[in-house]
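Positions are given from 1 along the sequence. These figures come from a predicted structure and were not determined experimentally.
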Amino acid sequence: MKSIILALIALSLYGCSSAPQTQQAPPPPSLPVATIASGTETTYQEYPASIEGTVNVEIRPQVSGTLDKVFVDEGAFVNAGQPIFKINEQPYRAALNNALANLHSAEASQINAQLEIDKLTPLVQNKVVSEYQLKTAKAAYQVATANIESAKANVSTAQINVGYTLIKAPVSGYIGRLEKKQGSLVGPQDATSLTQLSDVHDVHVYFALGEKDFVNFKEQYPGQTLTDKLKQLPSVSLLLADGTEYTKQGKIDMIDGQFDKNTGAITVRATFANQQGLLRSGNTGKVRLSLEHKDALIIPESATVDMQDKVFVFTVGDSSKVKKVAIGIVGKNGANYLVKDGVKVGDQIVLSGVDKLQEGMVIQPQKATDKVAAAVTKN
């Protein structure tokens, strides 16, 4: 019996010595934090744009006929007044000669009428012939005078038509596609123009703003009216189709008077200098608008987490506990979000490792490096 008791005591002591020891909780994670600051930031918004010359002219014939000559090639630059097309003028030259002949005939008839008046006047005074014959002669003279005026108008019309056979450039610019070739029959009623001429010394760049963007756009700048605001607008940039930025800055100088009912957008125009002719009508690109945000709260994108169409940050509160807070974003500049609500100046946020945090976790705050802090407190 004594041996059994000793065995039980030994077994109990062995069990106690082999019991698992209680594991200690891991230390709180050490994560970088920074204090939110405010500053003035500029964000950029890009809008698809179409480019047109300040003057785009359809060149159409004013008279019908055969296209005898084409003096220019497609894409050529022409000066205002330079001949570009020639229509066969022979029918119109013949019509001019006929009008001149009719004018000369009318002038001769007027002379005859005047001679008749001169002959009848003394005879009427001497009562050799009746006064009725003199009145008839004077009426004939007035008819001859009217025929002269009509003949002169016909001559002017014929001269104009002859002039229309030589088509000149109305403005300086670049020739577009030549829709009609030499020998083609052309006329004013043709569905297509002979070509298009674009003056691109300056170009107009058109883009559209939605209603919300337009309201934000107007609120950025001082002035009681749109005209006043246009004077305060900064220059805008133009991104070309290949993504490069055009070397010249443009100026917004027109906002359409009404919104498009179909698209809900309003058209805005910016003008860019184009002395070198790098831009042409029909080009496309993007207009980059700058919007200045004063006293904006700046938070790095890396300090946020997206969840259910919302953006959250983790603020650090008492006892180094973190709290997940939804923030409202008004824009983005580089790797930083510009925040309008959810947090305030002076709040501390976790800068990295937020994807592993949970509501109420305790962390060991670590001051951000100078480089990271500079991105957050940038002014």
(message) Can you see whether E245 engages S237 through a side-chain donor-acceptor pair at a distance of less than 3.5 angstrom?
(response)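 Distance-only check passes for E245 and S237.
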(message) Between Q348 and T315, is there a side-chain donor-acceptor contact under 3.5 Å, judged purely by atom types and distance?
(response) no
Could you check whether any side-chain N or O of [X] sits under 3.5 Å from a backbone N or O of [Y], counting only pairs where one atom can act as donor and the other as acceptor?
X    : Y    : result
N274 : V200 : yes
S319 : V362 : no
D190 : G187 : yes
D347 : I36  : no
S193 : R60  : no
S50  : T284 : no
S150 : A146 : no
Q182 : D68  : yes
D199 : H201 : yes
S105 : A101 : no

(request) Please report the C-alpha distance between F85 and L178 in whole Å, then the side-chain angles of each, then the deciding distance to 0.1 Å, and finally whether the side chain to side chain contact (heavy atoms under 4.5 Å, CB included) criterion is met. (result) CA-CA 10 Å; F85 297 104; L178 297 178; 3.8 Å; yes
Above 12 or not: heavy atoms from other molecules or residues under 6.0 Å from [atom1] of [X]?
X    : atom1 : answer
D309 : CG    : no
D318 : CG    : no
Q249 : CD    : yes

(message) Please enumerate all residues that pass salt bridge (Lys or Arg N to Asp or Glu O under 4.0 Å) together with D228, with sequence neighbours excluded.
(response) none
(message) The criterion is salt bridge (Lys or Arg N to Asp or Glu O under 4.0 Å); which residues satisfy it with K86, sequence neighbours excluded?
(response) E89
(request) Establish whether F207 and L230 are linked, either directly or via other cluster members, by ILVMFWY side-chain heavy-atom contacts under 4.5 Å. (result) yes
(request) Name all residues meeting the side chain to side chain contact (heavy atoms under 4.5 Å, CB included) criterion together with Q90; count only those two or more places apart in sequence or in a different chain, and write none if there are none. (result)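 Here the qualifying residues are N88.
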(request) Identify the residue among I51, N56, V55 that makes a side-chain contact (heavy atoms from CB on, under 4.5 Å) with S281. (result)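 Only match with S281 under side-chain contact (heavy atoms from CB on, under 4.5 Å): N56.
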(request) May I have the step-by-step check of side-chain hydrogen bond (donor to acceptor under 3.5 Å, both in side chains) for D118 and Q114, ending in yes or no? (result) CA-CA 6 Å; D118 294 341; Q114 183 62 52; 3.0 Å; yes
(request) Sequence neighbours left out, what pairs pass ring-ring contact (aromatic ring centres under 6.0 Å, His included) with at least one residue falling in residues 229-266? (result)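 Of all non-adjacent pairs touching residues 229-266, those that pass ring-ring contact (aromatic ring centres under 6.0 Å, His included) are F214-F259.
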(request) Kindly determine whether L238 and K248 satisfy side chain to side chain contact (heavy atoms under 4.5 Å, CB included), including the steps that lead there. (result) CA-CA 8 Å; L238 174 63; K248 304 288 186 180; over 6 Å; no
(request) Heavy atoms only: give me the nearest A169-N79 pair and the separation to one decimal. (result)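 Smallest interatomic distance, heavy atoms only, reads CB-O, 3.5 Å.
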(message) Here's one to test your reading of the geometry: is the NZ or CZ of K324 within 45 degrees of the ring axis of F312 and under 6.0 Å from its centre?
(response)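 Because its charged atom sits under 6.0 Å from the ring centre and within 45° of the axis, K324 does stack over F312.
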(message) Test question: given the 4.5 Å side-chain rule for I, L, V, M, F, W and Y, name all other residues clustered with M254, or answer none.
(response) Y206
(message) My understanding is that a hydrophobic cluster links ILVMFWY residues whose side chain heavy atoms are under 4.5 Å apart, including indirect links. Using that, what else belongs to the cluster containing V124?
(response)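 In the cluster with V124 are I117, L120, L123, V128, V129, L134, Y141.
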